[in-house]
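Here is the structure we will look at.
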Amino acid sequence: MNFLSIEDVRNRIDQIDRELVKMIAQRSECVKAAAAFKIDHSAVRAPDRVQQVIDKVCQQATEAGLPEVIIEKVYRTMIGAFIDYELEQHDQMRQEKR
């Protein structure tokens with residue numbers, strides 16, 4: 001990418017951020033849907049699945065020329081936030097079934 005000014009860089013970052021927010025919102029809908037299929041909190045936490053996701057995105061990062069340490073930190077933080085959200089959704093669904 002070639003930029004002529006810091007404003008160009010910031011505008012591109014803003015555009016990327018808009019796209020990321022839309023994708024994260026879509027991921028959120030999937031997480032909410034997944035909560036309905038899980039029987040308890042350990043199924044929501046799913047450490048083996050978390051590691052599978054981390055391994056997969058680290059490989060993708062390497063292929064894209066991004067240091068794995070960056071994507072791993074981003075994904076561990078994002079997954080942690082989504083686990084909290086999914087736990088809330090899971091609890092809410094269980095309460096509604098009562």
Side-chain angles (χ1 to χ4, degrees):
M1 287 187 233
N2 293 325
F3 300 102
L4 300 177
S5 68
I6 189 67
E7 290 79 21
D8 289 345
V9 174
R10 289 177 177 159
N11 287 336
R12 180 64 180 135
I13 289 171
D14 289 345
Q15 180 185 22
I16 292 167
D17 286 343
R18 281 190 297 276
E19 294 170 24
L20 284 170
V21 168
K22 287 177 187 176
M23 286 188 259
I24 292 169
Q26 291 173 2
R27 193 179 201 282
S28 175
E29 290 299 315
C30 293
V31 166
K32 186 176 179 178
F37 294 99
K38 298 184 180 174
I39 59 173
D40 58 24
H41 283 196
S42 65
V44 171
R45 284 184 172 66
D48 291 342
R49 173 64 179 148
V50 170
Q51 192 57 52
Q52 287 175 351
V53 172
I54 296 298
D55 292 345
K56 181 178 58 175
V57 298
C58 283
Q59 177 63 38
Q60 292 169 352
T62 298
E63 292 167 5
L66 176 67
E68 285 183 22
V69 66
I70 293 173
I71 203 69
E72 183 170 354
K73 286 180 182 181
V74 168
Y75 264 77
R76 287 203 184 274
T77 300
M78 181 176 66
I79 289 170
F82 274 120
I83 287 172
D84 292 344
Y85 176 69
E86 189 174 354
L87 287 169
E88 291 172 9
Q89 294 301 310
H90 187 263
D91 288 344
Q92 184 178 355
M93 288 176 194
R94 284 182 29 196
Q95 288 177 359
E96 289 173 0
K97 287 183 180 180
R98 291 182 187 177

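Values in this document were obtained by computation on a predicted structure and should not be read as measured data. One is the number of the first residue; the rest follow in order along the sequence.
Taking hydrophobic clusters as Ile, Leu, Val, Met, Phe, Trp and Tyr residues chained together by side-chain heavy-atom distances below 4.5 Å, I13 shares a cluster with M1. V21 and I16 end up in different hydrophobic clusters when Ile, Leu, Val, Met, Phe, Trp and Tyr side chains are linked at under 4.5 Å. Taken together through direct or relayed side-chain contacts under 4.5 Å among Ile, Leu, Val, Met, Phe, Trp and Tyr, V44 and I39 form parts of separate hydrophobic clusters. Cluster annotation: I70 is connected to I24 through the hydrophobic network of ILVMFWY side chains, with a link wherever side-chain heavy atoms come within less than 4.5 Å.
Counting non-hydrogen atoms of other residues, nucleotides and ligands closer than 6.0 Å to CZ of R12 gives a total above 12.
A 4.5 Å side-chain heavy-atom check between H41 and D91 finds at least one atom pair inside the cut-off.
Not counting sequence neighbours, Q95 has no partner by the side chain to side chain donor-acceptor pair (under 3.5 Å) test. A search for side chain to side chain donor-acceptor pair (under 3.5 Å) contacts involving D40 returns S42, not counting sequence neighbours. Residues forming a side chain to side chain donor-acceptor pair (under 3.5 Å) with Q26 (at least two apart in sequence, or on another chain): none. Taking the side chain to side chain donor-acceptor pair (under 3.5 Å) definition, one finds that R76 meets it with Q51, E72, sequence neighbours left out.
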Indicate every side-chain donor-acceptor pair of residues 78-87 with a distance under 3.5 Å to a residue at least two apart or in another chain.
| from | atom 1 | to | atom 2 | distance (Å) |
| --- | --- | --- | --- | --- |
| E86 | OE2 | K38 | NZ | 2.9 |

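In this structure, the separation between OG on S5 and CG on N11 is 7.5 Å, given to the nearest 0.5 Å. Of the inter-residue distances, the one linking K22 atom NZ with D17 atom CG reads 12.5 Å to the nearest 0.5 angstrom. Distance check, rounded to the nearest 0.5 Å: CD1 of I6 to CG of D8 gives 9.0 Å.
Donor-acceptor pairing under 3.5 Å is lacking for the side chains of Q15 and R18.
Residues K32 and M93 approach most closely at O-CE, 3.4 Å, considering heavy atoms.
Screening I54, V53, D48 for a side chain to side chain contact (heavy atoms under 4.5 Å, CB included) involving V50 leaves a single residue, I54.
Among residues at least two apart or in separate chains, side chain to side chain donor-acceptor pair (under 3.5 Å) pairs with a member in residues 56-67 are Q59-E63, T62-E68.
Looking only at distances, a side-chain donor or acceptor of T77 sits under 3.5 Å from a matching main-chain atom of K73.
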